[in-house]
Amino acid sequence: MSEPKKLKLGIPKGSLQDATLKLFEKSGWKIRLHSRNYFPDIDDEEISCSMCRAQEMSVYVEQGVLDVGLTGKDWILENNSDVVVVSDLVYSKVSNRPARWVLAVAGDSPYTKPEDLAGKKIATELVQFTKNYFAERNIPVEVAFSWGATEAKVVEGLCDAIVEVTETGTTIRAHGLKIIKDLLLTNTRLIANKKAWEDPFKRAKIEKMNLLLQGALKAERMVGLKMNMPKAKMDQAGKLLPSLTSPTVSNLSDPAWLSVEIVVEECVVRDLIPELKALGAEGIIEYPLNKVI
């Protein structure tokens with residue numbers, strides 16, 4: 001009897017790990033880690049899980065060690081990996097927005113643009129990308145690999161500039177550095193091995209996974225609102241209500257009232273609820289969402 005088919009999924013270990021596990025749980029998959037074990041349990045008999053660093057993920061997916069995985073656009077470019085980019089999943093360890101690889105120098109440095117660094121030394125973890133960036137602009141620089149604490153290397157005089165990833169710029173500024181150029185905007189991507197993408201079973205599984213992951217991400221910035229609205233005020237309320245399509249409106253036992261339900265961006269709720277209340281809405285309930293598809 002042949003073994004049942006399985007999709008080999010790679011989960012990024014490190015800074016993206018917790019955010020990824022949380023996203024999968026919202027999407028419908030519970031992944032349980034084991035101490036000192038790189039093969040977590042997942043509550044899906046058709047998937048096997050492995051943990052690996054985001055920096056290596058695209059290599060393993062390209063080689064077929066993994067069928068599908070999550071890693072950054074930056075590491076796909078760094079490794080020059082030939083993989084299928086299934087979708088962009090814009091989330092990170094801090095926020096749901098893309099991160100930036102930036103060129104930074106000491107706060108009191110005279111350097112203000114990449115050209116000023118000709119003949120200088122740059123430290124980074126993103127070595128190949130950085131070399132390509134400066135080579136394409138004919139700016140001769142020395143690029144050295146940094147194992148970590150990259151921001152401190154400028155302060156210690158070990159290099160003239162760094163190329164480092166940031167979401168807010170807070171850590172870079174805290175080390176007394178200034179950003180002189182944004183080099184790359186990056187975000188998490190769902191990638192697949194080319195042969196796996198051609199396999200009907202694996203492709204269907206990957207597409208289903210992508211649908212649910214995207215739905216969970218979309219839900220993170222949205223909420224549901226439910227309320228009772230005076231029927232006489234519904235036309236006015238309708239002009240206030242941003243919705244994915246249109247509000248769901250139901251009749252109540254009292255013909256003068258309607259039940260109204262909508263899905264909206266969470267950021268508008270603080271302004272929307274007082275306006276709805278002013279129109280006479282009652283029993284306004286705000287509730288979180290797991291997925292919006």
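- Checked against Tyr91 for a side-chain contact (heavy atoms from CB on, under 4.5 Å), the options Leu16, Leu213, Asn187 give a single hit: Leu16.
- In terms of the side-chain contact (heavy atoms from CB on, under 4.5 Å) criterion, Ala232 has no residue partners (sequence neighbours excluded).
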Would you tabulate the side-chain donor-acceptor contacts of residues 174-184 under 3.5 Å, counting partners in other chains and residues two or more places apart, or write 'none'?
| residue | atom | partner | partner atom | Å |
| --- | --- | --- | --- | --- |
| His175 | ND1 | Thr171 | O | 2.9 |
| Lys178 | NZ | Ser109 | O | 2.9 |
| Asp182 | OD1 | Arg100 | NH1 | 3.1 |
| Asp182 | OD2 | Arg100 | NH1 | 3.1 |

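- In this structure, Arg137 is positioned above the aromatic face of Tyr133, its NZ or CZ under 6.0 Å from the six-membered ring centre and within 45° of the axis.
- Between Glu198 and Lys194 there is no salt bridge, since no side-chain nitrogen of the basic residue lies less than 4.0 Å from a carboxylate oxygen of the acidic one.
- Put simply, Ile11 and Leu66 are part of two different groups of oily side chains (I, L, V, M, F, W, Y) that touch within less than 4.5 Å, one to the next.
- Residues passing the side-chain hydrogen bond (donor to acceptor under 3.5 Å, both in side chains) test with Ser58, sequence neighbours excluded: Asn79, Ser81.
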Please tabulate, one pair per line, all N/O donor-acceptor pairs under 3.5 Å involving side-chain atoms of residues 263-292, not counting sequence neighbours.
| residue | atom | partner | partner atom | Å |
| --- | --- | --- | --- | --- |
| Tyr287 | OH | Glu261 | OE2 | 2.4 |
| Lys291 | NZ | Lys26 | O | 2.9 |

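- Residue pairs meeting the side chain to side chain donor-acceptor pair (under 3.5 Å) criterion with at least one member in residues 147-159, sequence neighbours excluded: Ser146-Thr150, Ser146-Lys153.
- Annotation: Tyr38, atom OH; neighbour count of heavy atoms from other residues, nucleotides and ligands within 6.0 Å does not exceed 12.
- Pairs passing the side chain to side chain donor-acceptor pair (under 3.5 Å) check and including a residue from residues 41-52, sequence neighbours excluded, read Trp29-Asp44, Arg32-Asp41, His34-Asp41, Asp44-Lys205, Glu46-Lys205.
- Other residues, nucleotides and ligands contribute at most 12 non-hydrogen atoms within 6.0 Å of the CZ atom of Arg53.
- Between the side chains of Asn193 and Asp67, no donor-acceptor pair of N or O atoms lies under 3.5 Å.
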